[in-house]
Amino acid sequence: MAANFSWIRAEPHGIHVVPADCWIDPSEAVERALVTHGHADHARGGHGKTIATPATLAIMDLRYQTREGAVPVGYGETISLPGGVDATYIPAGHVLGSAQILLEHAGERVIVTGDYKRRPDPTCPPFEVTPCDVFITEATFGLPVFCHPPVEQEVGKLLKALRDHPDRCVLVGAYALGKAQRLIAEVRAAGHHDPIYLHGAMERMCRLYEEFGVGLGELRLVSDHTKDDLRGSLVVCPPAALNDRWSRRLPDPITAMASGWMRVRQRARQRNVELPLVISDHADWGELTRTIAEVDPAETWITHGREEALLRWCQLHQRRARALALVGYEDEDD
Amino acid sequence: MEEFATLVDALIYTRSRNEKLRLIAEYLRQTPDPDRGWALAALTEGLSFAAVKPSTIRNLMMERVDPVLWALSRDFVGDTAETASLLWPELIGETGAPPSVSEAVERLGAMTRVSVLSELPRLLDRLDADGRFALIKLATGGMRVGVSARLAKTAFAQAFDVAVEEVEEYWHGLAAPYPELFAWAAEGADPPDTENLPLFRPFMLAHPLDETVVDLKDYVAEWKWDGIRVQLVHAGGETRVFSRTGDDISGSFPEMAGALTIPAVLDGELLVQGSHQGGEAGGAASFNALQQRLGRKTVSGKMLADYPAFVRLYDLLILEGEDLRALPWTERRARLEALMPRLPADRFDLSAVVDADHFEHLAEIRMGARDEAIEGLMLKRRDSPYVAGRKTGLWYKWKRDPLLVDCVLMYAQRGSGKRSSFYSDYTFGCWDGDPEQGAELLPVGKAYFGFTDEELKQLDRYVRNHTVNRFGPVRETDKSLVFEVAFDSVHASKRHKSGLAMRFPRISRIRWDKPAEEADRIEALQALIRD
Ligand SMILES: [Zn+2]
Ligand SMILES: [Zn+2]
């Protein structure tokens, strides 16, 4: 190996870009942070400077009210950092504003994917395959059992449940940033134009998506309506509200959840889910391995999930790889 | 197979009993013979195929998947069939239409230990992941989708609008895929011929006596024994032992299956010989001794010698082709007494009638019953016919008063179905010493009933406001609330840290007023052990 990439280090609380003294998705407040996307395990408040896409900055502002020190970088744009490091933000296809970050220094190219997926998503531009020397990939669904079915199939199940139970409602637990809006957009694309009812905690994020040009159709708040209004309707709430007291106001809800974890029956049962919808904003096993093959880096660093299996796959395919042990990342309800 | 796979998944995710009934009934109505019969058998008893073992599935996967990736996946998923269904490499191109349930059953039945390695893959290739899951579960004989035989029979009755008692009556003794049963229920053919089949007859059951006072001129009293209620059937040269739910447990009690050689249907209590449960009609061991014998597929000679079973008879339903069920109890009892000398004395005795002059006298006798470790009394109308299920006014059970103990609420868990938004399952404990001296609470039991809906709401609120820790669906409370817990008996148990296991605990009262330090100690429970 000519390159040893000593300028980029995996530390327990984030990836440190040494010459620029900045951190990627740090789990602690730092002077200068490069943030891939707005999910809480990647974006934290309190940094001196936060360098991210305009949509990610807007999401962080909504969550942490941190307008100060925001440095916007558009997709395809490059920002020069101290110490001769260039950072380019490239679409990751994960959620609104999500980006891979390409770092260039001394002729070496390193990509940090953040979270990503390869399937089409009406709420954000698709992942772009970009050549690099080191590819630092997520591995949330890094087990060969994970194969997300086509989203149309899962949305079909959801709409069928709505049709079959006009006196009930279908309550879908979906992560408030990204999953909820994608689900709504996919439901719209499938021709369902009735009002969709929201848990109060989802409203502002949906509005933000709309401000960024993602149409979600007519949305209403559950709290403004009676039980009878909700019969036959689709209701979306954060996963934590699924079995909470909040759901008692709904008309005999069919409990659904949109998440890649729903692929495994025991996971769905643990959450009392009656209608599991395998919809994920992360790459499944096939997408992860295909992406590594397409990017074809000299080295693959694996983080954020089930590193072991992907590491094994790299080994079996004669690819240099290592697992990074970063703290602060957890399974999102995703 | 796809419809069956859809049904299996729907049953896995559905918690409501009514919804399960609806799903099964709809499947049975819409699916042709013999698929629906095989599906029914797979859901209830489980089909078994000699050539397919859980290790077969593993071996097939080892030829197709890296062993490390298999192990990591199996660990995460927690179920071999599911992991295999997800990891099975899908073929590109034409694989053939999915097999029907009966085609799958037929092919699986014809496979040998050798041919299974090439033929099972060909079936799996024709299915998607959910189909593969259902097929592997069916082939390895354990669906585990929360469908009891009783639930399936109720669904069958609901599907074709027939009486569940009749379904129960015909079901047993018929073999999958039950063509006679479907012909009768779905197509209106004659009911299956049951005369020469060792069929289960639905049990007659009792209501709790509660506040009712009966006149002993009209009612006779019998002990209610602490064993398991069984029905022995001899017909067509075969003998079967059935449990309360109609499950065939002959294999667990071969000595009983061999003891009845007269064509008859008998109702009684299965017990293990011993000295613990006295009574005039000989001794029986404790329920714990009987438990040694339950749930065993094969029974060793030592088991048979150490824990010999016998049946204490309550009733006689059918004798040598004559159905006695419509006769009054007194006449059936006389026929049963007359039959006793023809039965082997080491395997059968008669449940004695309890003589009492009047109701108060009987109450006194019952109070003394605790020491004899029997469950209580049965009161049977002297003129009662033997009818399936619980008919008001015919039979009563009069359990001895429950034992009571004050426990402290430790953990609460969300319920299921309608209760899934409530913390409705409670684990409670007793002190392992003096709470003033730093004693700790040890869990002694778990209960999820005994309170009203209003109390459930109060408890739910209480749990939410007194949580100190959360583990998934479980909350640990600050251990400040006392329950008066009622239970039938308590036994020594190595499985629990407290060394105790309660039988049938339920919340008898919520003691909002009582300080937790005044709850009972483990010693109080230990003193009640009667093994
Ligand atoms: Zn994310
Ligand atoms: Zn993440």
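These numbers come from a predicted model, not from an experiment.
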**OP:** Answer yes if the side chains of N272(A) and R15(B) hold a donor-acceptor pair under 3.5 Å, and no otherwise.
**Re:**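 There is such a pair between these side chains.
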Subject >> Y13(B) side chain near M262(A) side chain, heavy-atom distance below 4.5 Å >> reply: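 No - every pair of side-chain heavy atoms lies 4.5 Å or more apart.
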Original post:
Just wondering, do W313(A) and V68(B) contact through their side chains at under 4.5 Å, heavy atoms?
Top reply: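 No, every pair of side-chain atoms sits at 4.5 Å or beyond.
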Can you tell which of [options] has the highest number of heavy-atom pairs within less than 4.5 Å of chain B?
options	value
Q266(A), R269(A), R263(A), E308(A)	R269(A)
Q270(A), E274(A), R248(A)	R248(A)
P144(A), S247(A), C147(A)	P144(A)

Original post:
Taking only residues at least two apart or on different chains, which pairs with a member in residues 68-90 of chain B satisfy salt bridge (charged side-chain N to carboxylate O under 4.0 Å, His left out)?
Top reply: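 Residue pairs passing salt bridge (charged side-chain N to carboxylate O under 4.0 Å, His left out), neighbours aside: R265(A)-E82(B), D79(B)-K137(B), E90(B)-R132(B).
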Original post:
Among pairs that include at least one residue of residues 463-472 of chain B, which meet salt bridge (charged side-chain N to carboxylate O under 4.0 Å, His left out), considering only residues two or more places apart or in two chains?
Top reply: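 Of all non-adjacent pairs touching residues 463-472 of chain B, those that pass salt bridge (charged side-chain N to carboxylate O under 4.0 Å, His left out) are D244(A)-R464(B), D460(B)-R464(B).
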Subject >> Cation-pi, F76(B) ring and R267(A) (6.0 angstrom, 45 degrees) >> reply: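 No, R267(A) does not lie over the aromatic ring of F76(B).
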Find the distance between [atom1] ([X]) and [atom2] ([Y]) and round it off to the nearest 0.5 Å.
X	Y	atom1	atom2	value
L143(A)	L87(B)	CG	CG	8.5 Å
D66(B)	L316(A)	CG	CG	4.5 Å
N243(A)	S420(B)	CG	OG	5.0 Å

Subject >> Residue list, side chain to side chain donor-acceptor pair (under 3.5 Å) with T44(B), at least two apart or on another chain >> reply: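 For T44(B) there are no side chain to side chain donor-acceptor pair (under 3.5 Å) partners, ignoring immediate neighbours.
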Original post:
Under 6.0 Å from the CG atom of D164(A), do we count more than 12 heavy atoms belonging to anything else shown?
Top reply: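 Yes, because the 6.0 Å sphere around CG of D164(A) holds more than 12 heavy atoms from other groups.
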Subject >> Within 6.0 Å of CZ in R319(A), more than 12 heavy atoms from elsewhere >> reply: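 Result for CZ/R319(A): enclosed.
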**OP:** Could you tell me which residues in residues 225-233 of chain A have at least one non-hydrogen atom under 4.5 Å from a non-hydrogen atom of chain B, sorted by residue number?
**Re:**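 Not one residue of residues 225-233 of chain A has a heavy atom under 4.5 Å from chain B.
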**OP:** Search all heavy atoms of S73(B) against all heavy atoms of V145(A) and return the closest pair with its distance.
**Re:**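 Taking every non-hydrogen atom into account, CB-CG1, 3.7 Å.
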Heavy-atom proximity to chain B below 4.5 Å, by part of [X]:
X	value
L242(A)	neither
P149(A)	neither
W285(A)	side chain

